[in-house]
Amino acid sequence: MRDFMSNIWVKRCVAIFNITYLAVIVLFTYATFLYDLEFADGKEATLLIIYSVASIVFFLLMLYTKDMFITKLVSVLLLPIVFFLLLFNLSNANWTLIVPPFIVAIVIFFAANTNETVKVILGTIYLLLYVLGIVVYFVCNMLFGGSEVETVLDMNLDSDSSIYSAYSSQMAHLAEVVDDDNVISPDGRYRFYLADVSDSDKGCIKIYVVPNGQDINLKFFSLNQKGIRKTITTKGTRYTVPDVGWTVEEDDDGNQILYVAYRLTDSSGWTKSKVVNMPDKNYFEFLGITG
């Protein structure tokens, strides 16, 4: 058995297999750059256990092949990849996704038999990358994100939150407005949602339209499309659930035009906003850039 484990070809094969872990972290990083990752109800703990066990197994395999070139390469690539995984998931605090590979990346970077000079140079670069990168991240979010705090108004509001208390008397109306049959457009391409906005002023309610049917639902989590939304109005009165719905009208040429119709208060008239094309995807939403 000892001879088998010390066989150079066995180590090379295991080292190649270690690329699988790197590939999975790259996929998570790329996926959370394009989508918001949301854990399925009751599945986060299960995924954390599977994810952690897999990280420990691959870490042990990397230790076993720490003198192999491929493992050395994986050890120096993991830290910058995990850095971007960290950036893309800081806003929604997906620590379940960040912590296991972060620990593996740090330990294997120092444990692998990489040239010490390379370790010193890359270690210094990575340290600066993490420190300066996180500082820039928070500065950008403060500059572009402002002091606004948006809370999606739907039936998943935390019953212990102050937002729920503020809208508790209107939950029946809110349930009607945010019902799937109401929020999804007749052609199924779009859906709207309401957001309560708290800021340094009196706040407001915003109505947004986003693409429908572009989310990816998996067993343990879903990947929700982000960075594509059209602002219908920012003038809703806070703590007053508006009436919102879809309507389709024909233009002079007989083309079907889709509108979001809304009434912000009982005393105000109905307003219609045309929905034809969605804005281009905003790839820098994680930095607080919403425009």
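This structure is a prediction, so every number in the text was calculated from the model and none was measured.
- For the pair Gly245 and Asn182, the tightest heavy-atom approach, listed with the atom from each and the gap, is CA-OD1, 3.9 Å.
- For the side-chain hydrogen bond (donor to acceptor under 3.5 Å, both in side chains) test, residues two or more places apart in sequence or in another chain that qualify with Gln225 are Gln214, Lys281.
- Across Ile228 and Met278, no two heavy atoms sit closer than the pair CG2-CB, 4.0 Å.
- The side chain to side chain contact (heavy atoms under 4.5 Å, CB included) check on Pro80 picks up Tyr126, Leu129, with sequence neighbours excluded.
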Dump the intermediate steps for side-chain contact (heavy atoms from CB on, under 4.5 Å) on Tyr239 and Asp196, then the final yes or no. CA-CA 8 Å; Tyr239 307 137; Asp196 174 275; 4.1 Å; yes
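- Side chains of Asn255 and Glu250 form no contact here, defined as non-hydrogen atoms less than 4.5 Å apart.
- Counted by atom type alone, Asn89 and Thr32 present one or more donor-acceptor pairs between their side chains at under 3.5 Å.
- Val139 is not listed as a side-chain neighbour of Asn141, based on a closest heavy-atom distance of 4.5 Å or more.
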Apply side-chain contact (heavy atoms from CB on, under 4.5 Å) to residues Ser185 and Leu258 and explain how you reach the verdict. CA-CA 8 Å; Ser185 64; Leu258 190 64; 3.8 Å; yes
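- Glu116 meets the side-chain hydrogen bond (donor to acceptor under 3.5 Å, both in side chains) test with no other residue; sequence neighbours excluded.
- The aromatic rings of Phe192 and Trp246 are tilted relative to each other, their planes meeting at an angle between 30° and 60°.
- Side-chain contact between Glu249 and Gln256: absent, with no pair of heavy atoms (C-beta onward) separated by less than 4.5 Å.
- To the nearest 0.5 angstrom, Thr46 atom OG1 is 8.5 Å from Lys219 atom NZ.
- Taking CD1 from Ile25 and CG from Leu97, the interatomic distance works out to 7.5 Å, rounded to the nearest 0.5 Å.
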Does the side-chain contact (heavy atoms from CB on, under 4.5 Å) test come out yes or no for Ile70 and Ile19, once each step is laid out? CA-CA 8 Å; Ile70 293 179; Ile19 297 176; 3.7 Å; yes
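- Not counting sequence neighbours, the partners of Lys206 by the salt bridge (charged side-chain N to carboxylate O under 4.0 Å, His left out) test are Glu148, Glu150.
- A salt bridge between Arg12 and Asp67 is absent, with no side-chain N of the basic residue lying under 4.0 Å from a carboxylate O of the acidic one.
- Pairs of residues two or more places apart, or lying in two chains, that qualify as side chain to side chain donor-acceptor pair (under 3.5 Å) and include a residue from residues 36-45 are Glu38-Asn224, Glu44-Thr96.
- Across all non-hydrogen atoms, the minimal contact from Lys66 to Lys72 is O-CG, 3.8 Å.
- Placement of Val107 and Val104 within a single hydrophobic cluster is found when ILVMFWY residues are connected by side-chain heavy-atom separations under 4.5 Å, directly or transitively.
- With sequence neighbours excluded, the residues that form a side chain to side chain contact (heavy atoms under 4.5 Å, CB included) with Asp158 are Asp160, Ser161.
- Counting non-hydrogen atoms of neighbouring residues, nucleotides and ligands closer than 6.0 angstrom, the CG atom of Asp280 reaches no more than 12 such neighbours.
- Remark: Leu79 CG to Ile125 CD1 distance equals 12.0 Å, nearest 0.5 Å.
- In this structure, the ring of Phe58 has its center less than 6.0 angstrom from the ring center of Phe17.
- Hydrophobic clustering (ILVMFWY, side-chain heavy atoms < 4.5 Å, transitive): Val177 and Val197 are in distinct clusters.
- Qualifying side-chain hydrogen bond (donor to acceptor under 3.5 Å, both in side chains) partners for Ser268, counting only residues two or more places apart in sequence or in other chains: Thr265.
- Side-chain contact between Tyr167 and Leu153 is present, with heavy atoms from C-beta onward closer than 4.5 Å.
- Cation-pi contact between Lys119 and Phe110: absent, since separation from the ring centre below 6.0 Å together with deviation from the ring axis within 45° is not met.
- Side-chain contact between Tyr64 and Val10 is present, with heavy atoms from C-beta onward closer than 4.5 Å.
- When hydrophobic clusters are built by joining Ile, Leu, Val, Met, Phe, Trp and Tyr residues whose side-chain heavy atoms come closer than 4.5 Å, directly or via intermediates, Ile103 is grouped together with Ile49.
- Remark: Tyr262 pairs with no residue by the ring pair (Phe, Tyr, Trp, His ring centres under 6.0 Å) rule, at least two apart or across chains.
- In this structure, Val248 is a member of the same hydrophobic cluster as Val183, with clusters built from ILVMFWY side-chain heavy atoms closer than 4.5 Å.
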Worked check of side-chain contact (heavy atoms from CB on, under 4.5 Å) between Ile134 and Leu86: CA-CA 9 Å; Ile134 292 174; Leu86 172 68; 3.8 Å; yes
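- Thr65 and Asn18 share a donor-acceptor pair across their side chains, judged by distance under 3.5 Å alone.
- For residues 72-100, the ring-ring contact (aromatic ring centres under 6.0 Å, His included) pairs, not counting sequence neighbours, are Phe33-Phe88, Phe83-Tyr130, Phe88-Phe286.
- For Phe220, the ring pair (Phe, Tyr, Trp, His ring centres under 6.0 Å) test picks out no residue, with sequence neighbours left out.
- Put simply, CG on Leu157 and OG1 on Thr151 are 7.5 Å apart, with the number rounded to the nearest 0.5 Å.
- No donor-acceptor pair under 3.5 Å is formed between the side chain of Thr231 and the backbone N or O of Thr233.
- Counting all heavy atoms, side chain and backbone alike, Arg238 lies closest to Lys202 at CD-O, 3.8 Å.
- Taking 4.5 Å as the limit, every side-chain heavy atom of Arg189 sits out of range of all side-chain heavy atoms of Pro211.
- Under the 4.5 Å side-chain criterion, counting only non-hydrogen atoms from C-beta, Leu85 is not in contact with Ile81.
- Rounded to the nearest 0.5 Å, atoms CD1 (Ile207) and CZ (Arg229) are 13.0 Å apart.
- A chain of hydrophobic side-chain contacts below 4.5 Å, direct or via other Ile, Leu, Val, Met, Phe, Trp or Tyr residues, connects Ile205 to Val178.
- Nearest approach of Thr71 to Met62, heavy atoms of both residues: CG2-O, 3.5 Å.
- Under the rule for a side chain to side chain contact (heavy atoms under 4.5 Å, CB included), the partners of Asp243 that lie at least two apart in sequence or sit in another chain are His173, Arg263, Asp266, Trp270.
- Scanning all heavy atoms of the two residues, the minimum distance from Leu48 to Pro100 falls at CD1-CG, 4.4 Å.
- Taking CG of Leu78 as the start and CZ of Phe59 as the end, the distance is 11.5 Å to the nearest 0.5 Å.
- Side-chain atoms of Pro242 and Leu194, non-hydrogen and from C-beta on, do get closer than 4.5 Å to each other.
- For the pair Lys272 and Tyr259, the cation-pi criterion (under 6.0 Å, within 45° of the ring axis) is fulfilled.
- Every pair passing side chain to side chain donor-acceptor pair (under 3.5 Å) that includes a residue from residues 49-63 is listed here, sequence neighbours excluded: Tyr21-Ser55.
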